[in-house]
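Along the sequence shown, the residues carry numbers beginning at 1.
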Amino acid sequence: MEDLVRICKVCKCLSLQKVLEKELIHQKYAEYKALRDVDNSQKRFILQGISLPEEDRLPNALHKILQIALVNSNNEQNLNHDVDGLICLVSSMQISEFEDDLADVCVRVDKKIFRCHQVILASRSEYFKARLSHMKDFLEGRDCLPDNALPCIEEHDLTVGAFKKMIEYMYTDGLKDIDPDQAEEMFDAASRYLLFPLKRVVADALLPHLEMVSPAELCHWLVLSDMYGVVKIREYCLDAMACNFETFADTQEFRAMLLTLPPPSGDSALRTTAPSAPGAEMSSTAEGNVLDDLREKWLEAEAAELDERDESALLFDKRLEMLIQIAEQERTNGLECNASSEQELI
């Protein structure tokens, strides 16, 4: 531990140095009553992450680096060039021109360039790991690049705001806040860039917002969460619909949503979910047919007796069939109205 303290002094790891020095004093004067008969080699000091101040833990340290890199990125001019022109322009973005961020790669999103770190991108995302591993082959023969220029990759179909949030998560393993309007794009980015835990982080930030939205919006989020496999949002929407089924049934958006979903299975043996015990958590592997899951949650909310579940489920299915017929009629009427409007314009 004395050697480690000396290393901390050289590397200026002041917080860790203080923790170790305090432990050394403790070891020097403590009696170790429980270890009197134990060989000294078996004494161990285990450093817990919570021993360090919040500002000196890894996520916070990486967040500081990210902020410096974003400031340096903001100093760059917006670029409006093709890839070849971009690679030549990157020659001006040399590491020596920027302080502190230690960036070793640039990522172009839309017309903005972000200074990033390959080890962070590759360690958090299999997509970037594969992309960066092939970057050297891509840059071969580009004579306009000096040796000390930062390599640059370009990402498409992603907004600057979404990319900022994505790298915030990649660097810090969390999100301080998120605009609900960004959530859909973040779910898409998490799927595309193989950042599946990011879905859970976005879901946690989105849940308080869902408590105040309309039934129509909840229908929208149910479809999205089912499509992107966001279990927490999916379960929340299904619970809300099961507990307030008639309220949702009265909305056109809910009825229209029924037309986009696979029908529920009629045979109880084919249902995708089984009745769960009161208070039991749904397993993430239990995802299946949305309407089957809605039916099971409705049965639980209605506290149907086990011997009445099949009969109640049948009544629920008939209610769904009625709502689907209404939705089909509403869609037909809407198409006829649009056709007549177009005819009048002609």
Side-chain angles (χ1 to χ4, degrees), residues 54 59-60 63 66-67 70 109-110 124-125 157-261 273 276 279-284 286-291 293-298 300-301 323 327:
E54 185 73 31
N60 210 305
H63 186 262
L66 173 63
Q67 293 306 309
L70 288 176
V109 178
D110 197 5
R124 299 308 303 270
S125 166
D157 301 323
L158 188 68
T159 64
V160 169
F163 185 78
K164 278 186 178 180
K165 284 297 178 184
M166 188 173 77
I167 59 175
E168 178 187 342
Y169 166 75
M170 295 174 74
Y171 276 73
T172 67
D173 209 32
L175 292 176
K176 292 187 179 299
D177 57 71
I178 185 171
D179 185 342
D181 294 335
Q182 280 186 311
E184 181 177 349
E185 186 176 14
M186 294 304 298
F187 289 145
D188 181 65
S191 296
R192 288 168 50 199
Y193 292 96
L194 307 180
L195 291 166
F196 302 116
L198 175 58
K199 295 180 182 180
R200 293 194 294 270
V201 176
V202 175
D204 288 337
L206 184 62
L207 276 175
H209 168 74
L210 295 184
E211 295 176 359
M212 300 176 288
V213 302
S214 65
E217 286 188 73
L218 276 183
C219 293
H220 169 73
W221 286 113
L222 174 60
V223 173
L224 283 180
S225 61
D226 186 64
M227 179 171 62
Y228 289 114
V230 187
V231 178
K232 191 170 289 188
I233 300 297
R234 185 180 187 272
E235 292 299 303
Y236 177 86
C237 294
L238 287 173
D239 284 334
M241 291 177 182
C243 294
N244 306 278
F245 184 77
E246 290 304 324
T247 300
F248 279 87
D250 290 338
T251 64
Q252 185 174 356
E253 291 79 7
F254 178 80
R255 296 192 295 269
M257 179 190 71
L258 297 179
L259 297 178
T260 68
L261 299 174
T273 57
S276 60
E281 293 186 2
M282 294 288 292
S283 169
S284 60
E287 289 181 69
N289 184 302
V290 172
L291 295 183
D293 293 345
L294 177 59
R295 173 175 53 194
E296 295 300 332
K297 286 186 173 291
W298 179 82
E300 291 176 8
L323 293 174

Flag if over 12 foreign heavy atoms under 6.0 Å of CD, Gln67 = yes

Exercise. Do the numbers put Arg124 on top of the ring of Tyr169, so that NZ or CZ is under 6.0 Å from the six-membered ring centre and no more than 45° off the axis?
Worked result: yes

* **Any side-chain heavy-atom pair of Glu185 and Leu158 under 4.5 Å** => yes

Leu222 and Val290 have their tightest heavy-atom pair at CD2-CG1, 3.9 Å

Practice item. Determine, for Glu300 against Lys297, whether the closest basic-nitrogen to carboxylate-oxygen distance falls under 4.0 angstrom. Key: no

Note to self: Could you tell me if Lys199 and Ser191 have a donor-acceptor pair between their side chains, going purely by distance under 3.5 Å?
What the structure shows: yes

dist Trp221:CH2 -> Asp226:CG (nearest 0.5 Å) comes out at 14.0 Å

Rounding to 0.5 Å, atoms OG1 (Thr251) and CG (Asn244) come to a distance of 11.0 Å

task: Run the numbers on Asp110 and Phe163 for side chain to side chain contact (heavy atoms under 4.5 Å, CB included), then give the verdict.
output: CA-CA 10 Å; Asp110 197 5; Phe163 185 78; over 6 Å; no

_Does any part of the side chain of Leu261, heavy atoms only, come nearer than 4.5 Å to the side chain of Asn289, both counted from C-beta?_
no

Whether Phe187 and Tyr228 hold their rings parallel, tilted or perpendicular, with breakpoints at 30° and 60°: tilted

Practice problem: Given side chain to side chain contact (heavy atoms under 4.5 Å, CB included), test Val202 with Leu175 step by step and report yes or no. | Solution: CA-CA 8 Å; Val202 175; Leu175 292 176; 4.0 Å; yes

CD (Gln182) and CG (Asp177) are apart, to the nearest 0.5 Å, by 9.0 Å

Separation between NZ (Lys176) and NE2 (His63), nearest 0.5 Å, reads 5.0 Å

| message | So Pro215 and Phe254, do their side chains get closer than 4.5 Å, heavy atoms only? | response | no

Would you say that Tyr236 contacts Glu211 through its side chain, given a criterion of any heavy-atom pair below 4.5 Å between the two side chains?
yes

Any side-chain heavy-atom pair of Leu291 and Leu258 under 4.5 Å:
yes

Scanning both residues in full, the closest heavy-atom pair of Ala327 with Ala256 reads CB-N, 4.2 Å

Interatomic distance, CD@Glu253 vs CZ@Arg255, rounded to 0.5 Å, equals 8.5 Å

Handout entry: Ile167 vs Leu70 side-chain heavy atoms within contact, under 4.5 Å
Key = yes

Closest non-hydrogen atoms of Val109 and Val160, given as atom of the first, atom of the second and distance, are O-CG2, 3.7 Å

Carboxylate-amine/guanidinium proximity below 4.0 Å for Arg234 and Asp293 | yes

| task | Please lay out, stage by stage, how Val213 and His220 fare under the test side chain to side chain contact (heavy atoms under 4.5 Å, CB included). | result | CA-CA 11 Å; Val213 302; His220 169 73; over 6 Å; no

CG (Leu294) and CG (Asp239) are apart, to the nearest 0.5 Å, by 10.0 Å

Side chain to side chain contact (heavy atoms under 4.5 Å, CB included) assessment of Met257 paired with Met241: CA-CA 12 Å; Met257 179 190 71; Met241 291 177 182; 4.2 Å; yes

